[in-house]
Structures are given as structure tokens and as C-alpha cells.
Amino acid sequence: MMKDESIKKEEEDNRCRRMKSFNHSNIDLPACGAVVLQRRRLAAAAATCSYGGEQEEEGRRRVEKAAGEGDGVTTCCGGEVLRRRRAVEEKVAAAEKEAWTGLRDATGEEGKRGQIGYALLPMIARGAMLGRDQPVIIHMLDIEPNAEILEGVKMELMDGAFPLLKGVIATTDVIEACKGVDIAIMLGGFPLRKDDNKDLLFKNVGIYKAQASALEQHADSNCKVLVVANPANTNALILKEFAPSIPEENITSLARLDHNRALNQISEHLNVHVSGVKNVIIWGNHSSNVYPDANHATVNTGVGQKSAKELIADDHWLNTDFISNVQKRGQTIVKARRLSCAFSAASAVCDHMRDWILGTPKGTWVSMGVYSDGSYGIQPGLIFSFPVTCEKGVWSIVQGLKIDEFARERMDASQRELIDEKTVAYSSLHLFIPPMKNL
Ligand SMILES: NC(=O)C1=CN([C@@H]2O[C@H](COP(=O)(O)OP(=O)(O)OC[C@H]3O[C@@H](n4cnc5c(N)ncnc54)[C@H](O)[C@@H]3O)[C@@H](O)[C@H]2O)C=CC1
Ligand SMILES: O=C([O-])CC(=O)C(=O)O
């Protein structure tokens with residue numbers, strides 16, 4: 001695409017944030033790309049070495065040693081990896097082909113998905129994500145069979161005459177899509193509901209391996225990444241694994257939709273406006289077992305902030321319906337709309353990126369899937385949703401919150417679920433899984 005002078009100038013000045021938005025294709029990276037990546041990984045991080053030749057032998061030895069010593073590590077790391085590897089390889093190969101043919105939802109029907117990307121684009125172009133004074137150039141990527149649709153979307157964006165929109169690239173070339181982007185919103189993948197059978201997990205993690213390579217090699221070195229496509233936490237972990245030069249704190253997954261859903265549940269229950277409710281927490285995985293926690297939430301009553309728990313004064317509701325309403329919200333929307341949610345997810349994407357880049361309001365935290373540093377007993381090696389505050393583009397996990405037994409059990413269950421997903425994902429990609437603690 002020819003770029004006009006104003007765009008060139010903005011690129012030079014590095015004033016515009018480039019955005020790669022939605023739908024990244026399952027393009028096979030050239031074999032040499034994978035080899036380069038593997039070499040780098042081996043040189044940089046023996047702990048996460050890929051299997052193959054001597055590396056495989058070393059991985060095997062370490063796994064057997066860990067399992068044999070019975071030293072508190074679970075064998076879900078290596079033993080499982082070795083056992084499942086071959087069967088999984090076949091599934092992944094099949095899934096990658098299937099994903100290419102694309103566009104069927106999990107039930108095999110055409111075009112039933114929500115299209116978050118379509119809802120997200122005008123929000124970005126209007127400044128809902130980065131502010132009303134931040135020009136943007138949007139890169140859009142989809143699979144080859146959707147090239148024409150993508151062109152149509154580009155036409156709509158141009159016809160929107162958005163003052164902040166300084167350029168649009170619509171492409172099916174993952175390299176072109178990733179080139180120089182400052183922000184990557186990862187929405188694409190084989191249609192997968194978060195409550196689907198784990199087998200479907202294979203289909204998207206393979207895609208995320210390829211996307212990681214493209215981002216690592218072609219995006220801005222400080223690119224901030226938000227993974228939305230399910231299984232979001234595990235896809236983000238795979239992306240981190242295969243893009244070792246992207247700082248790990250720059251790779252996040254979306255928990256904000258669940259967070260906003262939890263805020264809304266409290267707002268409806270107390271009949272107060274949602275803007276007065278804050279500091280709910282989404283712990284762990286974006287899955288049908290997601291754990292929303294209202295223990296620390298507060299409500300603006302007009303005469304100061306009050307504890308939501310005290311105002312609700314109904315622990316039974318908080319421990320049952322509140323949680324299950326959030327967990328089932330996606331399904332409830334599909335039933336009503338006959339499509340999965342789209343603009344609520346798109347809006348949550350904007351909230352996530354805006355707060356991350358521009359900062360959370362004082363006294364407010366939000367939920368983000370981030371690489372665990374061991375806080376709250378969540379072992380490193382997982383992308384887990386925590387309460388975070390953000391300042392100047394940096395998130396920090398809120399520390400020192402009291403965790404009761406009920407919350408602890410659910411956080412641990414989510415942790416176990418993520419370890420399980422990680423085991424399946426890593427084994428499908430032939431990665432060694434460093435020992436994880438027994439829970
Ligand atoms: N983390 C969260 O809170 C949420 C996550 N999601 C997930 O976000 C993702 C996007 O949702 P929707 O926009 O509703 O889905 P969608 O199906 O409408 O859009 C996905 C896009 O991915 C593209 N695609 C298909 N196969 C592909 C492949 N092999 N490689 C690359 N791209 C491919 C499709 O062409 C389509 O344009 C889904 O995985 C969904 O489960 C959805 C809502 C909330
Ligand atoms: O399962 C889906 O694709 C939608 C989803 O994640 C949600 O609504 O939370």
C-alpha cells in the first residue's frame with residue numbers, strides 16, 4: 001500500500017502506535033524460521049529446551065530423574081510429555097490443516113462466531129483504546145480465504161473517516177501484519193469455545209507458536225501483546241515460550257471481560273450503577289471454571305466506598321450464583337444472541353490495553369492474565385489472572401490481599417487446570433515442561 005506523506009512522517013517520528021488487530025493466520029512459517037528460533041531458544045534457555053536429538057535425551061533424563069526422586073514435583077511435566085507426544089503430533093498436524101480451512105465453529109457450522117475484531121476496529125479507530133489524541137495505524141490479518149472480506153472491512157474503516165486513523169493494512173501475510181507493530185491483539189484462531197473439549201486446545205496452540213515467531217522477528221521489540229483467542233491463558237504462554245526476546249511482562253491474556261461481567265453482577269444485585277463498583281478480582285484461567293472473587297470489591301455509595309460483601313450481606317449468593325452467573329455468561333449470550341459475545345469482548349480489550357498503557361485510576365485495580373511471579377502461591381510458569389495496577393505501561397500484581405479458604409481452593413483449582421492445559425499444549429509442541437509443584 002502506498003503511504004502518504006503524513007503517514008511516513010508519523011512513522012519516522014515514531015509517534016503513532018501501530019496496531020495489529022485481530023485475526024492472524026495459521027501461516028506455516030518457513031522451516032528456516034523454526035530452526036532459527038530453536039537455536040536461539042537452545043542458546044538462551046536450556047530450561048525450556050525443545051526436544052530433538054541430544055536435547056531430547058537430556059529432557060528425558062531430567063524428567064526421569066524428577067519423577068524417580070519423588071521430590072514433590074508432579075510427573076505431569078515430563079512423563080506425560082513423553083507418553084502423549086506421538087499421539088498428539090498426529091492430532092496437531094490434522095488440526096493445523098483443519099484450521100486452515102477455517103471458519104467453522106466448534107459445531108461445524110459456518111460463520112457462527114461473534115467477530116470480536118469487527119467490533120473492535122471502530123473502537124480503536126475512535127480512540128477508545130489509546131485515547132482520543134493518539135493517532136493509530138491498524139494492521140489487520142486474516143487467513144487467505146478471508147482476504148476479500150478483509151478488504152471489505154478495510155473499505156468500511158476508510159469510509160468511517162476517523163480522524164485518528166492514519167493508515168490501514170489488510171493482509172494475509174503474517175510478516176506484513178506484524179512489521180513494526182507496538183501492540184498486538186491476538187484474536188484469530190480455530191473457532192474454539194472456552195468450555196470445549198481439551199482436544200481443541202491443540203488447534204490453537206500450534207497457531208500461537210507460528211504467531212510468536214512472526215511477532216518476535218518483526219514487531220517492535222517492546223511490543224505489548226494481548227491474547228484473547230481461547231484458550232487465552234495457555235495460548236499466551238505458548239506465545240511467550242516461542243517469542244523469548246519479547247519481554248515476558250509484555251505478554252498478557254484477557255480476563256477483563258470476566259472482570260467486567262463480575263462488576264455488572266454486583267451492580268445489578270445491589271441496583272447501583274456499574275461505574276460505582278470496583279476491585280472485583282478474576283483469579284486464574286479464562287475458562288468455564290473462572291473464579292470471580294468479590295471479597296475485596298467496593299461500592300461507591302455516595303457517602304464513600306463500602307465493602308460490596310457487606311452491602312450484599314449474602315454469602316450464599318456470593319459463593320454460588322454470583323460465581324456461576326459470571327462463569328456461564330458467555331453461554332447465556334450465545335443462547336440469546338445465537339452468536340458469541342463480540343462488542344463486550346472488544347470493549348474489554350480496549351479496557352485492558354487502555355489501563356495497561358495509560359494507567360489504572362488511583363485506588364482501582366483490574367484483572368489481567370500475566371506471567372506469574374509466584375505471588376499468592378501461584379507458581380511461575382503459568383499465565384494466571386491476578387489483580388493488577390498499572391502505571392506508565394507497567395503492571396504490578398496487587399500484594400497483601402487476604403485469601404480465605406474458599407478462595408484458596410478455587411485459585412488452586414484454576415492453577416491445576418492451567419497446569420493441565422500447559423501439559424497438553426507443551427506436549428503437543430514437543431516442549432519440555434519444567435517440574436511444577438504438586439498442589
Ligand atoms: N478471553 C476472552 O475473554 C474471550 C475470548 N474469546 C475468544 O476470542 C476468539 C475470537 O472470537 P470471535 O471473534 O468471536 O471469533 P471469530 O471466529 O468471529 O473470529 C476469529 C477469526 O479467526 C480467523 N481464523 C480462523 N481460523 C484461523 C486460523 N487457523 N488462523 C488464524 N485465524 C483464523 C477467522 O477467519 C476469523 O476471522 C475466539 O477464540 C474466542 O473463543 C471470545 C470472547 C472472550
Ligand atoms: O467461548 C467463547 O468463545 C466466548 C468466551 O470466551 C466468553 O464469552 O467468555
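We count ligands from 1, going down the list as the structure has it; atoms in each ligand are counted the same way.
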Asks: With heavy atoms only and a cut-off of under 4.0 Å, state how Arg261 meets ligand 2: side chain, backbone, both or neither.
Replies: side chain
Asks: Run the salt bridge (charged side-chain N to carboxylate O under 4.0 Å, His left out) test on Asp412 and Arg408 for me, step by step, so that the C-alpha distance in whole Å, both residues' side-chain angles and the decisive distance to 0.1 Å come before the verdict.
Replies: CA-CA 6 Å; Asp412 285 345; Arg408 183 76 258 164; 3.1 Å; yes
Asks: May I ask you to decide whether Asp315 forms a salt bridge with Lys309, counting only side-chain N to carboxylate O separations under 4.0 Å?
Replies: yes
Asks: Strictly under 6.0 Å, is that where the ring centroids of Trp395 and Phe386 end up?
Replies: no
Asks: Please report, to 0.1 Å, the donor-acceptor pairs under 3.5 Å made by any side chain of residues 120-133, with sequence neighbours excluded.
Replies:
| unit_1 | atom_1 | unit_2 | atom_2 | d |
| --- | --- | --- | --- | --- |
| Arg132 | NH1 | Arg126 | O | 3.2 |

Asks: Would Asn146 count as being in polar contact with ligand 1, using the rule that some N or O on each side must be under 3.5 angstrom apart?
Replies: yes
Asks: Can you confirm, on distance only, whether ligand 1 has an N/O atom lying under 3.5 Å from any N/O atom belonging to Ile116?
Replies: yes
Asks: Take Glu241 and Tyr208 through the side chain to side chain donor-acceptor pair (under 3.5 Å) test and state the conclusion after the steps.
Replies: CA-CA 10 Å; Glu241 198 61 71; Tyr208 276 79; over 6 Å; no
Asks: Considering only heavy atoms, does His286 approach ligand 1 within less than 4.0 Å through its side chain, its backbone, both, or neither?
Replies: side chain
Asks: Against ligand 2, does His286 come closer than 4.0 Å with any heavy atom?
Replies: yes
Asks: So, Gln327 and Asn289: side-chain donor and acceptor under 3.5 Å apart, yes or no?
Replies: no
Asks: With heavy atoms under 4.0 Å as the rule, classify the contact between Asp142 and ligand 1 as side chain, backbone, both or neither.
Replies: side chain
Asks: Before signing off on this row, confirm whether Val228 and ligand 1 have an N or O atom pair separated by under 3.5 Å.
Replies: yes
Asks: Identify, by atom number and element, the atoms of ligand 2 in contact range of Cys341, meaning under 4.0 Å from any of its heavy atoms.
Replies: 8 (O)
Asks: Would you mind running through ligand 1 and noting each atom that sits below 4.0 Å from a heavy atom of Leu254?
Replies: 1 (N), 2 (C), 3 (O)
Asks: Between Asp355 and Arg256 (salt bridge meaning N to carboxylate O under 4.0 Å), is one present in this structure?
Replies: yes
Asks: Could you tell me whether the side chain of Asn285 and the main chain of Ser287 form a donor-acceptor pair under 3.5 Å?
Replies: no
Asks: Between CD1 of Ile383 and OG1 of Thr252, what distance do you get to the nearest 0.5 Å?
Replies: 8.0 Å
Asks: Within ligand 1, which atoms have a heavy atom of Ile143 less than 4.0 Å away?
Replies: 27 (C), 28 (C), 30 (N), 31 (C), 32 (N), 33 (C), 35 (O)
Asks: Check each heavy atom of Asn230 against ligand 2 and say whether those closer than 4.0 Å belong to the side chain, the backbone, both or neither.
Replies: side chain
Asks: Considering only heavy atoms of Leu187, which atoms of ligand 1 have at least one such atom less than 4.0 Å away?
Replies: 9 (C), 10 (C)
Asks: For ligand 1, which atoms, with element, lie under 4.0 Å from some heavy atom of Ser340?
Replies: 14 (O)
Asks: Distance under 4.0 Å to a non-hydrogen atom of Gly330: what atoms of ligand 2 satisfy this?
Replies: 8 (O)
Asks: Can you confirm whether Gln399 is buried at CD, in the sense that more than 12 heavy atoms of other residues, nucleotides or ligands lie under 6.0 Å from that atom?
Replies: yes
Asks: Using a 4.0 Å cutoff against the non-hydrogen atoms of Ile207, which atoms of ligand 1 qualify?
Replies: 28 (C), 29 (N), 30 (N)
